[in-house]
Amino acid sequence: MPEGHTIHRAATEHRGLLAGREVEVRSPQGRFADGARLLDGRRLDDVEAHGKHLFYRWDTGDIVHVHLGLFGKFRRHEGTPPEPRPTTRLRMAVPAGAIDLTGPTACALMDEGGRERILTRLGPDPLRDDADPERFVRRVLRSRAPVGTLLMDQSVIAGVGNVYRAESLFARGIHPSREGRDLTEDEARALWDTVREMLRDGVRRGRIITTSPHELGIPRSRMRRGDRTYVYRQDACRRCGGPVERWTVAGRNAFACPACQPGR
DNA sequence: AAGAATGTTATGTA
DNA sequence: CTACATAACATTCT
């Protein structure tokens, strides 16, 4: 379930619950046993999000790196949590509540060097105040790769996944197959702005909704799963009603409305 | 209940 | 060297 909005939301939530406190750390199945043993009872100092990556800083100087991948998920329990399930990779508990992690691509101990190694291969993250949009714009305008590929490339822009790729390009009327260098500077900047707005909205709502009930002609209360996107996983474009193209790029589904997103 | 899914990385092939 | 495709890995939901 995770694109950048999920990660930044988790960082805020986990910081609020855990930071500055001594945390009970557990890892059933021994999957993170070494880390859990080392960190159990230590103080968590901070939680940082960058793109889809999370970094938990501990008073030992250790950093726990978490990447949710495709299946990773956090669950929160208030108060005393139930016994962790066998698939629980990491539990961080304080008296007020607990965070459980399942299915991550990455959950590993590292040091500052490891964190920096990851950050150097990440592009600007539109959810971060320190992000430089021009880095994204330059990279896009110089590349002959399709803009749909560039948006999913975490070294070009960090935090965008398959849904935001489809929906942000739709919002700007840009076909994913257009080459980066064929975009105008204005298009590239507007694309960054759109992605940032969508991500912020995702953080606020805790889910991705890029459609407006007004445009769909559905009352907000009747909106359901399937009404949340214009082209992502749609057969018909929710704006013009025309057929949505669906094809595979690097093993992932890509979506576009050829009428609303001209250019290849 | 098989199949699909909001990811990344390493390795193979053209 | 680049640019692809494919496999591997993780789990839940329909």
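Chain A is the first sequence line, chain B the second, and so forth, proteins listed ahead of strands; every chain is numbered from 1. None of these values were measured; they are calculated from a predicted model.
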Could you check how far [atom1] of [X] sits from [atom2] of [N], rounded to whole Å?
| X | N | atom1 | atom2 | answer |
| --- | --- | --- | --- | --- |
| Asp100(A) | dT11(C) | CG | P | 13 Å |
| Leu70(A) | dT9(B) | CG | P | 14 Å |
| Leu101(A) | dG7(B) | CG | P | 16 Å |
| Arg31(A) | dT11(C) | CZ | C1' | 10 Å |
| Tyr164(A) | dG7(B) | OH | P | 11 Å |
| Glu3(A) | dA5(B) | CD | P | 14 Å |
| Phe71(A) | dT11(C) | CZ | P | 9 Å |
| Trp247(A) | dC4(C) | CH2 | P | 14 Å |

Evaluation steps, side-chain hydrogen bond (donor to acceptor under 3.5 Å, both in side chains), between Thr60(A) and Arg42(A): CA-CA 7 Å; Thr60(A) 56; Arg42(A) 306 305 303 231; 5.9 Å; no

Test: Glu134(A) and Arg138(A) ion pair at under 4.0 Å: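 No salt bridge links Glu134(A) with Arg138(A).
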
Base, sugar-phosphate or nothing for [X]? Non-hydrogen atoms, less than 4.0 Å.
| X | answer |
| --- | --- |
| Arg9(A) | nothing |
| Thr87(A) | sugar-phosphate |
| Arg252(A) | base |
| Ile208(A) | base |
| Arg207(A) | nothing |
| His67(A) | sugar-phosphate |

Which of the following nucleotides, [options], is nearest to the side chain of [X]?
| X | options | value |
| --- | --- | --- |
| Met152(A) | dT11(C), dG7(B), dA5(B) | dG7(B) |
| Thr105(A) | dG7(B), dT11(C), dT6(B) | dG7(B) |
| Asn253(A) | dA5(B), dG7(B), dT11(C) | dA5(B) |
| Lys52(A) | dT8(B), dT6(B), dT9(B) | dT8(B) |

According to a strict under-4.0 Å criterion, is [X] in side-chain N/O contact with OP1 or OP2 of [N]?
| X | N | result |
| --- | --- | --- |
| Arg165(A) | dG7(B) | no |
| Arg228(A) | dT6(B) | no |
| Lys73(A) | dC13(C) | yes |

Hydrophobic cluster (4.5 angstrom, side-chain heavy atoms) - remaining members for Val249(A):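 Listed partners: Trp247(A).
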
Working for side-chain hydrogen bond (donor to acceptor under 3.5 Å, both in side chains), residues Glu245(A) and His175(A): CA-CA 11 Å; Glu245(A) 295 178 275; His175(A) 195 282; 2.9 Å; yes

In one Ile/Leu/Val/Met/Phe/Trp/Tyr side-chain cluster, 4.5 Å: Leu109(A), Leu18(A):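 Leu109(A) clusters together with Leu18(A).
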
First of Thr248(A) and Pro104(A) reached from the 5' end of DNA chain C, by closest nucleotide: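 It is Thr248(A) whose nearest nucleotide is closer to the 5' end.
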
Arg76(A), CZ: over 12 other non-hydrogen atoms inside 6.0 angstrom: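 Yes, because the 6.0 Å sphere around CZ of Arg76(A) holds more than 12 heavy atoms from other groups.
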
Base-pairing assignment for dT6(B) (Watson-Crick or G-U wobble, both under 3.5 Å):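 Per the H-bond distance test, none.
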
